[in-house]
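Model, not experiment: these values are computed from the prediction. Numbering of residues begins at 1 and proceeds along the displayed sequence.
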Amino acid sequence: MKIVGQLADLTDDWKLTRQVGNHVDEKIVPRYAKLSSHLGRHTFTSRASSLGAPSETIRSITGHTTDKMMGNYVHLSMKDKQGLMDKLDGSTPDDANTNVEPASVYDFAKTKNDEQALQRMLSIPAKKEYFAAVEKDPVSAVLHIAVYLWNIEGAAAAAKYIDRLPKTRLSEFYQLLAATQAWKR
């Protein structure tokens, strides 16, 4: 990690302060000297949390067994804290509350070409047949949305849909995700 940081030119000064009793020890080191897998673990946990990933999903990735244990790794920024306070105060912009959740993966398609790309990526039928199938198996709509979002926006965007899947359907999710990863290559 330190070598990668050096190659990325993370050489600006970083002030380390350590206090033991009344003694304060300060040391200046290049930023790359602080990089470690442990710092990466803190960063991942904090970023995933600030993006709204459910704690159960984060814990399943990081291996933390309890929210309390994971909480030691979450460090929210002032922007995240202010965003929460704004929501609690009701002072978020009006358009922030107009996000409507998609009912199916077809809600992401803006053109006929988009629909065809979805069909190829997810191996799903055309709209009419898809909606007939989803009517019989509504969980498949959630499954398709999760896989689509994972591929387009990343794991954090897909997390809330993954969490809605019954445990019995998770293997299907991973199989479809693997198939779409191969499709993207």
Item to check | Residue pair V134 / A141: nearest heavy atoms and the distance that separates them | outcome: CG1-CB, 3.7 Å
Anything under 3.5 Å between a donor and an acceptor, one on a side chain of residues 66-74, the other on a protein residue two or more places apart or in another chain? List them.
residue: T66; atom: OG1; partner: M69; partner atom: N; Å: 3.0
residue: D67; atom: OD1; partner: S55; partner atom: OG; Å: 2.9
residue: D67; atom: OD1; partner: R59; partner atom: NE; Å: 3.0

Item to check | Any donor-acceptor N/O pair, Q19 side chain to G21 backbone, under 3.5 Å | outcome: yes
Checklist entry - Can you name the nearest heavy-atom pair linking L176 to L122, along with the distance? => result CD1-O, 3.9 Å
Item to check | salt bridge (charged side-chain N to carboxylate O under 4.0 Å, His left out) partner of E115, chosen from K127, K128, R120 | outcome: K127
Checklist outcome for this item: Closest heavy-atom pair, I162 versus F173, reported as atoms and distance to 0.1 Å, is CD1-CZ, 3.5 Å
Item to check | Residues L177, N151; criterion side chain to side chain contact (heavy atoms under 4.5 Å, CB included); working and verdict | outcome: CA-CA 8 Å; L177 183 62; N151 279 291; 3.9 Å; yes
Checklist entry - Hydrophobic clusters join Ile, Leu, Val, Met, Phe, Trp and Tyr when side-chain heavy atoms are under 4.5 Å apart, directly or via other members; which others share one with W14? => result L16, V29
Next on the checklist: Under the rule for side chain to side chain donor-acceptor pair (under 3.5 Å), what residues qualify as partners of E172, not counting sequence neighbours?
Outcome noted: R169
Item to check | Aromatic ring pairing Y130/H144, orientation class (parallel under 30°, perpendicular over 60°, tilted between) | outcome: tilted
Checklist entry - In Å and rounded to the nearest 0.5 Å, what is the CG to CD1 distance from L165 to I145? => result 10.0 Å
Checklist entry - Around atom NZ of K34, are there more than 12 heavy atoms of other residues, nucleotides or ligands at under 6.0 Å? => result no
Item to check | Sequence-distant partners of A126, side chain to side chain contact (heavy atoms under 4.5 Å, CB included), two or more places apart | outcome: Q119, E129
Next on the checklist: Please enumerate all residues that pass ring pair (Phe, Tyr, Trp, His ring centres under 6.0 Å) together with F108, with sequence neighbours excluded.
Outcome noted: Y148
Checklist entry - Is it true that a side-chain atom of T45 and a backbone atom of H42 form a donor plus acceptor pair closer than 3.5 Å? => result no
Checklist entry - Taking ILVMFWY side chains as joined if any heavy atoms are under 4.5 angstrom apart, and letting links pass through other members, which residues group with M1? => result L10, Y32, L35, L39
Checklist entry - If you measure from the Lys or Arg side-chain nitrogens to the Asp or Glu carboxylate oxygens, is any gap between D12 and R31 under 4.0 Å? => result yes
Checklist entry - K15: what forms a side chain to side chain contact (heavy atoms under 4.5 Å, CB included) with it, not counting sequence neighbours? => result T17, E26, I28
Next on the checklist: So, taking the atom named NZ in K27 and the one named CG in D13, what distance separates them when rounded to the nearest 0.5 Å?
Outcome noted: 13.0 Å
Item to check | I124 CD1 to S104 OG distance, which is reported to the nearest 0.5 Å | outcome: 7.5 Å
Next on the checklist: So does T43 get a backbone contact from the side chain of S46, meaning a donor-acceptor N/O pair under 3.5 Å?
Outcome noted: no
Next on the checklist: If you count every heavy atom of other residues, nucleotides or ligands that lies below 6.0 Å from I3 atom CD1, does the total exceed 12?
Outcome noted: no
Next on the checklist: Just to verify, what does S36 make a side chain to side chain donor-acceptor pair (under 3.5 Å) with, not counting sequence neighbours?
Outcome noted: none
Item to check | Partner residues of T11 under the side chain to side chain donor-acceptor pair (under 3.5 Å) criterion, sequence neighbours left out | outcome: D9
Item to check | side chain to side chain contact (heavy atoms under 4.5 Å, CB included) partners of S171, counting only residues at least two apart | outcome: none
Checklist entry - Between the side chains of H64 and R41, does any donor sit under 3.5 Å from an acceptor? => result yes
Item to check | Counterpart residues, side chain to side chain contact (heavy atoms under 4.5 Å, CB included), relative to A48 (two or more places apart) | outcome: F44, A53, I58
Next on the checklist: Taking atom CD as the centre, does Q116 end up with more than 12 heavy-atom neighbours from other residues, nucleotides or ligands that are less than 6.0 angstrom away?
Outcome noted: yes
Next on the checklist: Going by ring pair (Phe, Tyr, Trp, His ring centres under 6.0 Å), name the residues that satisfy it together with Y161, two or more places apart in sequence or in a different chain.
Outcome noted: none
